[in-house]
Amino acid sequence: MSEGDALPPHLCPVPQRVLRQQQFTSLEEKPQFPGASADFVDKLDFIQPNVISGIPIYRVMDRQGQIINPDEDPQLSQEQVLKFYKTMTLLNTMDRILYESQRQGRISFYMTNYGEEGTHVGSAAALDDTDLVFGQYREAGVLMYRGYPLDLFMAQCYGNASDTGKGRQMPVHYGCRDRHFVTISSPLATQIPQAVGAAYAFKRDNASRAVICYFGEGAASEGDAHAGFNFAATLECPILFFCRNNGYAISTPTSEQYRGDGIAARGPGYGIMSIRVDGNDVFAVYNATREARRRAIAENQPFLIEAMTYRIGHHSTSDDSSAYRSVDEVNYWDKQDHPISRLRHHMLGRGWWDEEQEKSWRKKSRKRVMEAFEQAERKLKPSPQHLFSDVYCEMPPQLQKQQEALARHLRLYGEHYPLEHFEK
Ligand SMILES: Cc1ncc(C[n+]2csc(CCOP(=O)(O)OP(=O)(O)O)c2C)c(N)n1
Ligand SMILES: [Mg+2]
């Protein structure tokens, strides 16, 4: 087709935007390229990658839990700070029990959140309850802060009949429609473009809701991360990209993961407002997330928060991190720079907490976790027939055939399976 040919009507592009009128009349030596807004230079100079480097780390508390600059104190009530602390410690206790139960062969898999509790709770507290959360997998504290009960965490990890996913996901792949927490999916970074799509829908609906999308610094190397960042910037979506930079992607340290200054340094490249925070300072995470959320909605634009933290546990129960990092390194973060102890120091300093309260809360929270754990273990597993449901609105014939074949197989050979542990 030549340039002059008119397109048939159904192929004509729908004019959606007002054409930008550019002035080409200037005789000045000014660049006119549509893709950049800079001046010409007459000296050959490559841009140094370290031009954007050494992005500072925003914090509110020092390691002893003292507020550094009173202007940055979020001025939270004692009740709210106690909720932060109780969620962070309850998560820690749940992690210990579920990690141990995997070690004893009671569940198939687990991932702990040790050391990253401040990133979960600080960010969750800064959101509205109806903001939509897309997690990676190490964000159980966000769901816990939203009130997801221990019973359901346990039901999911045990894959028992009370699990809302009917036992069809690996442990830690939580999801909860009522709490606006999208079900976790394992393939890394798939949540990033999905989250941007959801944020775009919120914008089009004028919903005054934001999306928060969590991911690790390892996942940020995936192509989906680039696609997501660029779509969010160009479509001007109310989304918070929340990177948990915990130093490792399984055994890959950050020194092998990227060459630039971490993840925050990428934001300006996409035209995204960005900040780096101390992820072990729950108040810094709270302040940054709260302000980013406010502006994301008010201005319809994405924000990137890089929360610096440390993964104290192994990557998962399938990993042994002693093969690639030293005990001294782990001990430093566990003993010297832990988000839970930093907040406890703060609360002790304010007279909001004491040793007695600590002891009794530790005992009480452990009891609650143990009760939920024992109940979850006693429950039956979901019926095997659920293997086939919930994928299609109407079950297609090939799935019906498979379902019938499984039922027939179990009628004939059921004695070889532990069917007494499953619902009928
Ligand atoms: C597409 C894809 N590639 C590889 C994996 C295997 N994998 C699971 S977790 C992980 C590391 C992710 O590290 P990071 O994003 O930093 O998160 P962290 O585990 O540190 O919280 C890898 C490589 C995967 N799940 N999906
Ligand atoms: Mg990581």
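Order of appearance sets the numbers: ligands from 1, and atoms from 1 within every ligand.
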Salt bridge (charged side-chain N to carboxylate O under 4.0 Å, His left out) partners for Arg63, two or more places apart: Asp337
At a heavy-atom distance under 4.0 Å, which protein residues reach ligand 1? Sort them by chain and number, would you? Gln136, Tyr137, Arg138, Ser186, Pro187, Leu188, Gly216, Glu217, Gly218, Ala219, Glu222, Arg244, Asn246, Tyr248, Ala249, Ile250, His315
Is the Mg ion (ligand 2) less than 2.8 Å from at least one N/O/S atom of Asn245? no
When you measure from the Mg ion (ligand 2) to each N, O or S atom of Glu217, which atom gives the shortest distance? OE1
Just by modelled atom types, is the Pro187 backbone N or O under 3.5 Å from a matching donor or acceptor in the Ser185 side chain? no
Indicate if the distance from the Mg ion (ligand 2) to the nearest N, O or S atom of Tyr248 falls below 2.8 Å. yes
Geometric cation-pi criterion Arg96 and Tyr114, 6.0 Å radius, 45° cone: yes
Identify whether the distance between the nearest side-chain nitrogen and carboxylate oxygen of Arg342 and Asp278 falls below 4.0 Å. yes
Just by distance, do the side chain of His345 and the backbone of Gly65 share a donor-acceptor pair under 3.5 Å? no
Does NZ or CZ of Lys83 lie under 6.0 Å from the centre of the six-membered ring of Tyr145, at an angle within 45° of the ring axis? yes
Distance alone, cut at 3.5 Å: any donor-acceptor contact between the side chains of Ser321 and His315? no
